[in-house]
There are 2 protein chains.
Amino acid sequence: MATVSRTLQQPELVSPKTRAKVTRAIEQLNYKPNLMAVKFRSGKTHNIVVLVPTVANVFFARVIRGMQEAAAAEGYSLLLVNTMGDSATEQNYARMIHTSQADGVVQLRAFNPFSDNDADDQGLLPMVNACEILDTPQCPTVSLDNRLAAAAMTEHLVELGHQHIAMIKGPASSPLTRERMLGFKDALQAAGLKYCEELMFDGDFTLQSGYDAADRILSQSHPVSAIFCENDEMALGAISRLKAAGLRIAEDISVSGFDNIAFAKFSDPPLTTIAQPAEEFGETAINLLIDVLKGKAKRAVKVILPYQLIIRNSTGPAPAQPVRL
Amino acid sequence: MATVSRTLQQPELVSPKTRAKVTRAIEQLNYKPNLMAVKFRSGKTHNIVVLVPTVANVFFARVIRGMQEAAAAEGYSLLLVNTMGDSATEQNYARMIHTSQADGVVQLRAFNPFSDNDADDQGLLPMVNACEILDTPQCPTVSLDNRLAAAAMTEHLVELGHQHIAMIKGPASSPLTRERMLGFKDALQAAGLKYCEELMFDGDFTLQSGYDAADRILSQSHPVSAIFCENDEMALGAISRLKAAGLRIAEDISVSGFDNIAFAKFSDPPLTTIAQPAEEFGETAINLLIDVLKGKAKRAVKVILPYQLIIRNSTGPAPAQPVRL
DNA sequence: ACAATAAATGTTATCGGTTACATTATTCAC
DNA sequence: GTGAATAATGTAACCGATAACATTTATTGT
């Protein structure tokens with residue numbers, strides 16, 4: 001038995017002829033090692049639980065792809081969970097750490113799925129928080145400087161002459177929303193423009209919510225010459241509604257997105273947006289987590305990935321006179 | 001030890017006072033059962049490997065969501081694998097069945113990841129093939145009648161008066177492509193129109209490939225008044241290119257898709273397409289697989305889910321005279 | 001050729017639950 | 001109150017790979 005194990009794990013310790021014999025036997029008996037036994041014995045599952053708010057989101061799909069590849073390279077498997085942003089579900093699955101079904105967790109939402117008494121004094125929680133991160137994370141994080149990126153986008157709009165910029169936000173509970181709003185305000189202030197609460201509209205990152213928000217924008221009374229959407233899906237939804245109202249995108253009203261999903265390039269007009277290195281988010285998150293699992297990670301690693309302003313044709317110079325909505 | 005196990009598994013066999021004592025001890029010691037040990041002992045992992053060609057595909061994202069929910073309801077976890085359509089990767093992960101790391105496989109591509117000698121004589125392979133299915137599957141399948149659906153779409157175009165219909169296909173290796181092509185031909189023949197090989201263009205289900213195919217359509221000499229795309233992404237890519245050439249969608253040239261992804265409704269114009277019950281695909285696949293795992297499935301279950309023709313505004317009456325491309 | 005050493009192989013305990021079986025405690029009938 | 005039946009609890013083997021340790025076999029030096 002031990003010889004078989006050695007033949008597979010450290011062949012150099014086994015004489016060539018025994019090795020050959022064992023190899024032949026393995027072949028004949030069609031022997032397959034029971035890796036559950038290995039995992040059980042070693043206490044390492046090489047599984048990583050990934051908490052995804054919605055796998056149906058194009059951006060997350062890219063992040064997942066990045067995680068997948070990094071995990072595969074290190075011999076880890078991903079247990080993907082579509083949480084729908086439900087905290088109970090997240091806590092439920094995070095519990096797989098305690099029941100030895102997984103070694104670590106990647107959380108893509110700003111919520112700590114571990115209860116306080118889980119806090120492991122002698123070490124880090126085996127968790128990495130990516131994309132949307134907690135304000136006071138207990139674990140390594142991977143994020144974008146959303147505030148700076150939002151400011152950059154706003155500056156772009158301001159430079160085009162826009163003075164009345166509406167914003168379609170994500171859920172108020174999301175730190176992403178707050179960060180991007182702050183960046184938006186920063187840039188307005190820097191440009192000497194006043195921030196107007198009435199021009200902030202709620203959305204939930206879906207196409208439909210962008211459409212609905214644009215609908216509300218059209219039926220209110222403030223002038224608007226540009227709309228800053230907090231993601232591409234909402235921007236595309238908004239564009240759909242604005243076009244239905246007979247408005248020309250860029251000429252009459254500018255619309256910007258955030259994420260640079262594949263559809264952004266092929267929409268009409270192509271969408272001005274902020275590109276995020278989605279795959280790199282996933283890759284970095286997994287590698288950080290593996291570092292944590294190996295015990296060689298500092299408590300407060302905070303990776304900030306670069307954004308890129310991508311100017312396409314959905315934004316243009318502000319019209320001399322804001323169009324009547 | 002056994003008493004603890006009984007308290008958790010069959011409390012009715014344990015006297016109330018012992019039960020209380022055990023429960024208290026579990027509480028105090030913060031005892032968490034090692035489920036790896038359970039899985040190892042029982043030989044059941046309650047893991048399901050899901051082979052996804054691309055998680056970044058919006059349609060698959062919906063399928064995954066359906067699987068996720070069905071699996072969770074039955075206490076199974078999904079091991080998601082982004083295979084990029086690579087057979088070696090698929091075989092690799094399918095091997096997790098043999099190494100007792102997973103109980104079954106859901107394959108979303110027309111490829112059998114098991115080698116022939118894996119064929120388990122006394123039972124079914126623990127696999128279900130969904131969405132894109134094998135011609136001669138060894139396992140239960142969940143599919144759409146792609147041929148009928150494609151014919152329905154083609155009929156729609158024919159009824160609008162289109163006589164010169166191009167098709168942007170998926171990869172030739174995919175049965176989906178063949179099925180949809182057959183349906184296309186069926187409908188042409190039924191309408192007394194001739195099938196023209198030169199109007200078949202290759203794509204790979206991505207936005208870019210739709211764009212590129214449309215580019216090729218524009219630079220060839222046959223008249224074309226409608227384009228049947230084998231999925232929505234390619235249709236949206238094609239529309240992008242056609243618009244760039246100054247063509248009006250529906251008026252000058254009709255474009256249809258397949259899948260009814262979320263973006264189809266919000267594109268300009270909204271896309272005429274075939275709706276597939278994506279979540280139901282996933283749900284059905286998982287439930288079939290669990291039946292197989294429980295040994296209560298017939299060998300040749302073939303579930304065919306309904307499609308729905310969704311007519312929006314990307315298709316319109318054929319122009320009296322095909323526009324010069 | 002015979003130690004002394006190194007290399008190869010064999011043996012056994014172990015991980016943490018579950019299950020079959022053995023033992024002890026309780027209940028009930030007469 | 002005793003014995004038979006049942007209920008409750010304890011004991012030990014087991015799943016399969018591995019690692020520590022024990023033993024056997026091969027190699028080297030003198």
Side-chain angles (χ1 to χ4, degrees), chain A residues 1-47 49 75-77 79 95-104 118 120 122-123 126 293-295, chain B residues 1-47 49 75-77 79 92 95-104 118 120 123 126 293-295:
Chain A
M1 295 298 99
T3 306
V4 176
S5 179
R6 276 187 289 253
T7 307
L8 270 53
Q9 306 305 325
Q10 302 125 325
E12 70 279 6
L13 294 183
V14 180
S15 76
K17 75 169 189 290
T18 317
R19 212 184 302 166
K21 202 165 20 167
V22 171
T23 310
R24 188 151 25 82
I26 283 178
E27 190 70 26
Q28 285 181 353
L29 298 174
N30 194 26
Y31 164 82
K32 296 280 154 51
N34 180 335
L35 296 189
M36 281 312 270
V38 177
K39 290 176 170 188
F40 163 53
R41 180 99 215 301
S42 68
K44 301 283 164 211
T45 65
H46 282 240
N47 289 337
V49 171
Y76 280 81
S77 302
L79 291 168
R95 213 165 290 148
M96 291 179 80
I97 303 302
H98 300 126
T99 55
S100 313
Q101 295 185 87
D103 299 341
D118 288 334
D120 186 348
Q122 59 263 28
L293 295 177
K294 286 184 178 162
Chain B
M1 295 295 100
T3 305
V4 176
S5 179
R6 276 187 289 255
T7 308
L8 269 54
Q9 306 305 324
Q10 302 126 325
E12 70 279 6
L13 295 183
V14 180
S15 76
K17 76 167 189 290
T18 317
R19 213 184 302 166
K21 201 164 23 165
V22 171
T23 311
R24 188 151 26 83
I26 284 178
E27 190 70 27
Q28 285 181 354
L29 298 173
N30 193 26
Y31 164 81
K32 295 280 153 51
N34 180 335
L35 295 189
M36 281 312 268
V38 176
K39 290 177 171 188
F40 163 53
R41 180 96 216 297
S42 68
K44 303 281 165 211
T45 65
H46 283 237
N47 290 336
V49 171
Y76 280 81
S77 302
L79 291 168
N92 228 13
R95 213 164 290 147
M96 291 178 81
I97 303 302
H98 301 126
T99 55
S100 312
Q101 296 185 86
D103 299 341
D118 288 335
D120 186 350
L293 295 177
K294 287 183 180 165

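Just so it is clear, the model here is predicted, and its values are computed rather than measured. Below, read A as the first sequence line, B as the second, and so on, with proteins coming before strands; counting in each chain starts at 1.
- For D:dA8, the OP1/OP2 oxygens have no side-chain nitrogen or oxygen of B:Ser15 closer than 4.0 Å.
- Residues in residues 1-33 of chain A take part in no ring pair (Phe, Tyr, Trp, His ring centres under 6.0 Å) pair, two or more places apart or across chains.
- Straight-line distance from the CD1 atom of A:Ile26 to the C1' atom of D:dA17: 12 Å, rounded to whole Å.
- Note: NZ (B:Lys32) to P (C:dG17) measures 12 Å, nearest angstrom.
- If you find the closest nucleotide of DNA chain D to B:Leu13 and to A:Leu35, the one lying nearer the 5' end belongs to B:Leu13.
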If you restrict it to nitrogen or oxygen atoms, what contacts under 3.5 Å exist between nucleotides 10-12 of chain C and the protein, and what is each distance?
from, atom 1, to, atom 2, distance (Å)
C:dG10, OP2, A:Thr3, OG1, 3.2
C:dG10, N7, A:Arg6, NH2, 3.0
C:dG10, O6, A:Arg6, NH1, 3.3

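- Atom NZ of B:Lys44 is separated from atom P of D:dG16 by 13 Å (rounded to the nearest Å).
- When every heavy atom of A:Leu79 is checked against every heavy atom of A:Ala102, the shortest pair comes out as CD1-CB, 4.4 Å.
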Only distances under 3.5 Å count here; give the side-chain donor-acceptor pairs of residues 4-13 of chain B to other protein atoms, sequence neighbours excluded, each with its distance to 0.1 Å.
from, atom 1, to, atom 2, distance (Å)
B:Thr7, OG1, B:Thr3, O, 2.6

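- Within the structure, the ring pair (Phe, Tyr, Trp, His ring centres under 6.0 Å) test picks out no pair touching residues 5-29 of chain A (sequence neighbours left out).
- At the heavy-atom level, A:Val14 lies under 4.0 Å from the strands shown only through sugar-phosphate atoms.
- Residue B:Leu8 contributes atom CG, which lies 12 Å from atom C1' of C:dT18 at whole-angstrom precision.
- In terms of the side chain to side chain donor-acceptor pair (under 3.5 Å) criterion, residue partners of B:Ser15 (sequence neighbours excluded) are, by chain and number, B:Thr18.
- Atoms NE2 and CG, on B:His46 and B:Leu293 in that order, are 8.5 Å from each other to the nearest 0.5 Å.
- Across the protein-nucleic acid pair, B:Gln10 atom CD and C:dG17 atom P stand 16 Å apart, rounded to whole Å.
- Taking atom CD of residue A:Gln101 and atom P of nucleotide C:dG17, one finds them 12 Å apart after rounding to whole Å.
- Both A:Gln9 and B:Glu12 lie close to DNA chain D; mapped to their nearest nucleotides by heavy-atom distance, the more 5′-ward contact belongs to B:Glu12.
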Give every donor-acceptor pair under 3.5 Å between a side-chain atom in residues 33-45 of chain B and any protein atom, sequence neighbours left out.
from, atom 1, to, atom 2, distance (Å)
B:Asn34, OD1, B:Met36, N, 2.8
B:Asn34, OD1, B:Ala37, N, 3.1
B:Lys39, NZ, A:Gln101, OE1, 3.1
B:Lys39, NZ, B:Thr45, O, 3.0
B:Ser42, OG, B:Val38, O, 3.0
B:Ser42, OG, B:Lys39, O, 3.4
B:Ser42, OG, B:Lys44, N, 3.1
B:Ser42, OG, B:Lys44, O, 3.4
B:Thr45, OG1, B:Asn47, N, 3.1
B:Thr45, OG1, B:Asp103, N, 3.3
B:Thr45, OG1, B:Asp103, OD1, 2.8

Contacts under 3.5 Å, N or O only, protein and nucleotides 13-15 of chain D:
from, atom 1, to, atom 2, distance (Å)
D:dC14, O2, B:Arg41, NE, 3.2
D:dC14, O2, B:Arg41, NH2, 3.4
D:dC15, O2, B:Arg41, NE, 3.4

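- The distance from atom CE of A:Met36 to atom P of D:dT18 is 15 Å, rounded to the nearest whole Å.
- With rounding to whole Å, A:Lys39 atom NZ is found 14 Å from D:dA17 atom C1'.
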